[in-house]
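In what follows, a structure is listed as structure tokens, so that the remarks can point back to it.
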Amino acid sequence: MILLAALVSVALSQVCKDGDLECPVTSGATFDDETSDFSLRQLRGVKAAVSKEWSFLKPNPELLIWDRRVNTSLNTTTDLVNISIYNGWLKVPLVHDPALLDYELPPYVCLRVRGMAALQQPAKNGPLLAHCGGPGSGRRCAMDMSKLNFDIDGQHSVISDFDLLAIDQRGVNTSSDPYETEKRWGKVPPCPFTEAEKAVKPFPTMYCNEIKRRNFLQRPKKLMEMLAPLDNTSMDAFKNYVLPIWKAGNVPFTDMAPYNESFARWYYRLVKLEHAFCFEAERYKLKAPNGREYNSLLFAGTVDLAHDLDLFRQAIGAEQLSLYGASYGTSVVSVYASIFPQHTFRLVMDGVVNPAPDVTLRAGSSARGIESVWDGLVKDCETSLVRNMAPDEVCPAAPSAATKTMKVLLGANKTKAAQLLRLVQISVFKYQELFGPLAMACVEQFYSGTEVYGCNETFQLLDKLASYDTNRSEANESDHFQIGIQSMVMGTDSAGRLNEEEFITWWKTTKDRDPIGVKWATTWIIAMST
Ligand SMILES: *[C@@H]1O[C@H](CO)[C@@H](O)[C@H](O)[C@H]1NC(C)=O
Ligand SMILES: *[C@@H]1O[C@H](CO)[C@@H](O)[C@H](O)[C@H]1NC(C)=O
Ligand SMILES: *[C@@H]1O[C@H](CO)[C@@H](O)[C@H](O)[C@H]1NC(C)=O
Ligand SMILES: *[C@@H]1O[C@H](CO)[C@@H](O)[C@H](O)[C@H]1NC(C)=O
Ligand SMILES: *[C@@H]1O[C@H](CO)[C@@H](O)[C@H](O)[C@H]1NC(C)=O
Ligand SMILES: *[C@@H]1O[C@H](CO)[C@@H](O)[C@H](O)[C@H]1NC(C)=O
Ligand SMILES: *[C@@H]1O[C@H](CO)[C@@H](O)[C@H](O)[C@H]1NC(C)=O
Ligand SMILES: *[C@@H]1O[C@H](CO)[C@@H](O)[C@H](O)[C@H]1NC(C)=O
Ligand SMILES: *[C@@H]1O[C@H](CO)[C@@H](O)[C@H](O)[C@H]1NC(C)=O
């Protein structure tokens, strides 16, 4: 239990004391009122040399305004280090397509950004942008990575010689940052920029809650009418499929619903309807200075982010940018480097996601990825037999752990099967060192029917874990299926979205090929497809 508590408590060290706040940081620079001429030239990417006038500490105030500086300490792998963290707003055009600019100015939006000043100023190696993936992770990434990963030499070389940057990508909930919030550094100040004499607003937070907002759960007939043709079984379907999916926010594990085609179909239908309404929501519609309306959801892919990052680079007067990306962040890094090779210095890609911009290829590799981790745990289990280990160190599910797993998952007791699938998924996703061995204990116990040490306790741990991280927000403005921003970004990036029948064809083969990975991959393929 102690191990579990240590693993699940996200230890964010105390970073800011009262009186540490120092804001605003005024650049003291004077500048002309922005003319549309300037914006157009800048947006067309005219290769003016990066102005030597601007720097990380003194950015171009037409693009970036630091409004809060916080001196705090960073708990590195070896000691506490004093750092200065800058917080501010970056102003970007909604549409970066230079062809548009021959005709009209697009709307502008603000993105919340953060910079951790290099210990040695000016930074010898320039800026390093950190993206922690998701999509959906935000501006906390630079600091989080500094604590966890960037200090591998214990000498602070990364934070000494790079200014670390991070951004709330389009659609990220800017209020969800754990540092800039009440009782810490304080709430986020408003975006100070104007365009065509109007205040520029932050890019709207991406969330989808239209089925709830429109009270469709209280009007099941109306809801079912939109999901499928009505017949005399519709209300049964509402009760058997729609409600359980709605409550779980996904296909539930219960009774092996993850291998049940009807659940797959209804999940697709429900998410599709939610996203269809969401796409039409008024909060995503922005007006250009000439009054034309744009749907901001069409301009929030990874290419849009890469252009935003390049404006961030220009704003701090840097010729080149280095980038570190984890998971989906590896897409961000590689897209930036592909579009702006001349402005790219160093790249780190940590946990590479399939770069193919195709829905089926990406979902297929999600399924394979999960399956491969499980395959690795199974292989370790089986080889424990031949490693001269003490009897109590040999994996209880060996030999034939994979076969036993599938016998249970496809067996007659669906409650047992569902419990095991959930446990196996957790052992793949989180805390492998803890849950991997426990999953093997349960594979054996469920398969053989004889008690194996560790298995019963596992489910108490799982319940405990569930109370930490699976509660869904009841707030009105919450993303019901929790894939809103992922759908927007990856859906924009990927071609080949599947309709319901194509999805089912994909699902049938994937559940047989990757029975452990299929549930996770189903979420992603539906996100991208809808
Ligand atoms: C820094 O982190 C270490 C290891 O997680 C922890 O033991 C220590 O208490 C932390 N120090 C502060 C000041 O937060
Ligand atoms: C924060 O740190 C900077 C740079 O080290 C220093 O100039 C400034 O005075 C500090 N501010 C506060 C409030 O400590
Ligand atoms: C960090 O700042 C504190 C006061 O804010 C100071 O006492 C301490 O000496 C500083 N540490 C370093 C390594 O500069
Ligand atoms: C954004 O985050 C805040 C703070 O956690 C939360 O109250 C709010 O509901 C979130 N909004 C959305 C749309 O998720
Ligand atoms: C639904 O209607 C069909 C024919 O239209 C009938 O065969 C079937 O028994 C009905 N099912 C139920 C549950 O009433
Ligand atoms: C799928 O789930 C439904 C609802 O729980 C159930 O009635 C049906 O028998 C299941 N189908 C299969 C093939 O297990
Ligand atoms: C199925 O497994 C569950 C959980 O282990 C158990 O409580 C239940 O009695 C089993 N059902 C049957 C019919 O064996
Ligand atoms: C472990 O669980 C099984 C099945 O639920 C039960 O029969 C057994 O009594 C439990 N053992 C302990 C020690 O709780
Ligand atoms: C999550 O919900 C369960 C059941 O309603 C509750 O017992 C648990 O305390 C909740 N956890 C959190 C972190 O709110």
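Quantities reported herein were computed from a predicted structural model and do not represent experimental measurements.
Separating the CG atom in Leu217 from the NZ atom in Lys247 is a distance of 9.0 Å, to the nearest 0.5 Å. Rounding to the nearest 0.5 angstrom, the gap separating the CE atom in Met488 from the CG atom in Asp304 is 9.5 Å. Glu293 contributes atom CD, which lies 8.0 Å from atom CG of Asn295 (distance to the nearest 0.5 angstrom). Distance NZ/Lys272 to OG1/Thr530: 9.0 Å, rounded to 0.5 Å. Annotation: the span from Leu129 atom CG to Leu309 atom CG amounts to 4.5 Å, rounded to 0.5 Å. Between Ser137 atom OG and Ile167 atom CD1 the span is 11.0 Å, to the nearest 0.5 Å.
Across every non-hydrogen atom of Leu286 and Ser296, the tightest pair is CD1-CB, 3.9 Å. The heavy-atom pair separating Gly136 from Ile485 by the smallest distance is CA-CG2, 3.8 Å. Across all non-hydrogen atoms, the minimal contact from His156 to Asp151 is N-OD1, 2.8 Å. The two atoms that bring Leu74 and Ile159 nearest to each other are CD2-CD1, 4.1 Å, heavy atoms only. Between Trp506 and Ala363, the shortest heavy-atom distance links the atoms CZ2-CB, 3.8 Å. Across all non-hydrogen atoms, the minimal contact from Glu477 to Asn209 is CA-ND2, 4.1 Å.
Of the possible donor and acceptor atoms, one in the side chain of Glu371 sits under 3.5 Å from a partner among the backbone N and O of Gly517. A donor-acceptor distance shorter than 3.5 angstrom exists from the side chain of Ser176 to the backbone of Asn173, with no hydrogens or angles considered. A distance-only check finds a donor-acceptor pair linking the side chain of Ser529 to the backbone of Leu498 [under 3.5 Å]. Of the possible donor and acceptor atoms, one in the side chain of Thr330 sits under 3.5 Å from a partner among the backbone N and O of Val353. Between the side chain of Asp163 and the backbone N or O of Gly126, no donor-acceptor pair lies under 3.5 Å. At least one donor-acceptor pair under 3.5 Å links the side chain of Ser366 to the backbone N or O of Arg362. Side-chain atoms of Trp89 come within 3.5 Å of backbone N or O of Pro189 as a donor-acceptor pair. Ser84 contributes no side-chain N or O that, together with a main-chain N or O of Asn71, makes up a donor-acceptor pair within less than 3.5 Å. Of the possible donor and acceptor atoms, none in the side chain of Arg68 sits under 3.5 Å from a partner among the backbone N and O of Gly88. Remark: side-chain polar atoms of Asp358 are paired, donor with acceptor, to backbone N or O of Leu361 under 3.5 angstrom.
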Test side chain to side chain contact (heavy atoms under 4.5 Å, CB included) applied to Leu94 and Tyr108, step by step: CA-CA 5 Å; Leu94 179 69; Tyr108 279 76; over 6 Å; no
What verdict does the side chain to side chain contact (heavy atoms under 4.5 Å, CB included) test give for Leu323 and Val348, after you've listed the backbone C-alpha separation in whole Å, the side-chain angles of each residue and the deciding distance to 0.1 Å? CA-CA 6 Å; Leu323 301 98; Val348 179; over 6 Å; no
If you apply the rule salt bridge (charged side-chain N to carboxylate O under 4.0 Å, His left out), what do you find for Glu319 with Arg313, and how did you get there? CA-CA 8 Å; Glu319 278 293 346; Arg313 174 191 65 76; 5.0 Å; no
Test side chain to side chain contact (heavy atoms under 4.5 Å, CB included) on Asn87 and Arg69 and set out the steps. CA-CA 6 Å; Asn87 298 274; Arg69 178 162 79 194; over 6 Å; no
Can Arg292 and Glu104 be said to form a side chain to side chain contact (heavy atoms under 4.5 Å, CB included), step by step? CA-CA 9 Å; Arg292 189 199 298 274; Glu104 67 185 37; 2.8 Å; yes
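Checked by atom type, the side-chain pair Arg184/Tyr179 shows no donor-acceptor distance below 3.5 Å. In this structure, a donor-acceptor pair under 3.5 Å is present between the side chains of Gln169 and Tyr328. Between Thr76 and Asp79, the side chains place a donor N or O and an acceptor N or O closer than 3.5 Å (distance only, hydrogens not considered). A donor and an acceptor atom, one from each side chain of Thr302 and Asp493, are located under 3.5 Å apart.
Within a 6.0 Å radius of NZ in Lys285, more than 12 heavy atoms belonging to other residues, nucleotides or ligands are found. The 12-atom threshold is not exceeded at CD of Glu433, counting heavy atoms of other residues, nucleotides or ligands nearer than 6.0 Å. Residue Glu182 qualifies as open at atom CD: its count of foreign heavy atoms under 6.0 Å is 12 or below.
Comment: Lys212 does not engage Glu274 in a salt bridge, judged by the lack of any side-chain N to carboxylate O separation of less than 4.0 angstrom. Taking a cutoff of 4.0 Å between a charged side-chain nitrogen and a carboxylate oxygen, Glu502 and Arg497 do not qualify as a salt bridge. Between Glu500 and Arg269 a salt bridge is recorded (basic side-chain N to carboxylate O distance below 4.0 Å). With respect to Glu62 and Lys91, no salt bridge is recorded, no charged nitrogen being found less than 4.0 Å from a carboxylate O.
Relative orientation of the His480 and Trp246 rings is parallel, given thresholds of 30° and 60° on the angle between their planes. Between Tyr86 and Phe56, the ring-plane angle classifies as perpendicular under the 30° and 60° cut-offs. Taking the six-membered ring where the residue is Trp, His307 and His96 present parallel rings, their angle staying beneath 30° rather than reaching 60°. Below 30°, between 30° and 60°, or above 60°: for Tyr336 and Phe340 the angle between ring planes is between 30° and 60°, a tilted geometry.
Annotation: side chain of Trp66 is in contact with side chain of Pro59 (closest heavy-atom distance under 4.5 Å). The side-chain heavy atoms of Leu223 and Leu273, taken from C-beta on, include a pair separated by under 4.5 Å. Between Arg114 and Leu165 the shortest side-chain heavy-atom distance does not fall below 4.5 Å. Between Phe277 and Met226 there is a side-chain heavy-atom pair separated by less than 4.5 Å. Looking at Met145 and Cys132, their side chains come closer than 4.5 Å, going by heavy atoms from C-beta outward. Here the side chains of Asn149 and Asp350 are in contact, with some heavy-atom distance below 4.5 Å. For the pair Thr492 and Leu298, the minimum side-chain heavy-atom distance is 4.5 Å or more. Between Pro122 and Leu57, every side-chain heavy-atom pair lies at or beyond the 4.5 Å cut-off.
With sequence neighbours excluded, the residues satisfying salt bridge (Lys or Arg N to Asp or Glu O under 4.0 Å) with Asp168 are Arg139. With sequence neighbours excluded, the residues satisfying salt bridge (Lys or Arg N to Asp or Glu O under 4.0 Å) with Arg214 are Glu210.
Ring to ring, Phe299 and Tyr284 are not that close: their centroids are 6.0 angstrom or more apart. Between Phe150 and Tyr324, the ring centre distance stays below 6.0 Å.
Sorted by first and then second residue, the disulfide bond (SG atoms under 2.5 Å apart) pairs involving residues 158-212 (not counting sequence neighbours) are Cys110-Cys191, Cys208-Cys278.
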